[in-house]
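None of the values given here were measured: they were computed from a predicted structure. The chains referred to below are lettered A, B, ... by the order of the sequence lines, with proteins before strands, and numbering in each begins at 1.
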Number of protein chains: 2
Amino acid sequence: MKLREQVGLNIRNLRNSRGLSQEQLALAADLDRSYISEIELAKNSASIDVLERIADALEVDPKELFNERG
Amino acid sequence: MKLREQVGLNIRNLRNSRGLSQEQLALAADLDRSYISEIELAKNSASIDVLERIADALEVDPKELFNERG
């Protein structure tokens, strides 16, 4: 599995575990909902700055986005 | 410290600990040397795909690039 696929799965799992919609995460991270969707589906390769905003919005250490098991 | 600054420091420290020049890391990761320099100095925000190539070239888990202490 490519790393961006693992990161996308981790973001989706963390988001769902917090009961957040893509729209709510997008608002919290100041990103577009469609962009959150693309990252979760590994359709693009998010930058460090974007990952930082997503991790902050999910209240996790950025390293958790790279965990091997989602 | 912004996350990209921490990641840049970690990459520089890991590269130096392996005795690699920026040129050597760039070759191993199939990136430009100037791009490695920009990432290390946090002048740009690398993407997940680029971080994966750098982690592979440094032979570390991508999570290690996000350690809080370089």
Check: Heavy atoms under 4.5 Å from chain B: which residues of residues 47-58 of chain A carry them?
Finding: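 Result: A:Ser47, A:Ile48, A:Asp49, A:Leu51, A:Glu52.
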Item checked: Considering all heavy atoms, the nearest B:Asn67-B:Gln6 contact ->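 B:Asn67 and B:Gln6 have their closest heavy atoms at O-CG, 3.2 Å.
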Next item on the list: State, with a plain yes or no, whether a side-chain heavy atom of A:Phe66 is found less than 4.5 Å away from one of A:Val7.
Entry: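 Side-chain contact under 4.5 Å: yes.
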Notebook entry, point to check: Roughly how far, to the nearest 0.5 Å, is CD of A:Glu59 from CD of A:Glu64?
Noted result: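 The CD atom of A:Glu64 sits 11.5 Å away from the CD atom of A:Glu59.
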Note to self: Distance check, rounded to the nearest 0.5 Å: A:Leu3 atom CG versus A:Glu5 atom CD?
What the structure shows: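 That separation rounds to 9.5 Å.
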Next item on the list: Tell me, with the steps shown, if A:Leu9 and A:Met1 meet side-chain contact (heavy atoms from CB on, under 4.5 Å).
Entry: CA-CA 11 Å; A:Leu9 285 174; A:Met1 185 184 294; 3.8 Å; yes
Margin query: Give the interface residues of residues 16-45 of chain B toward chain A, defined by a heavy-atom separation under 4.5 Å.
Written below: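 Hits under 4.5 Å: B:Ser45.
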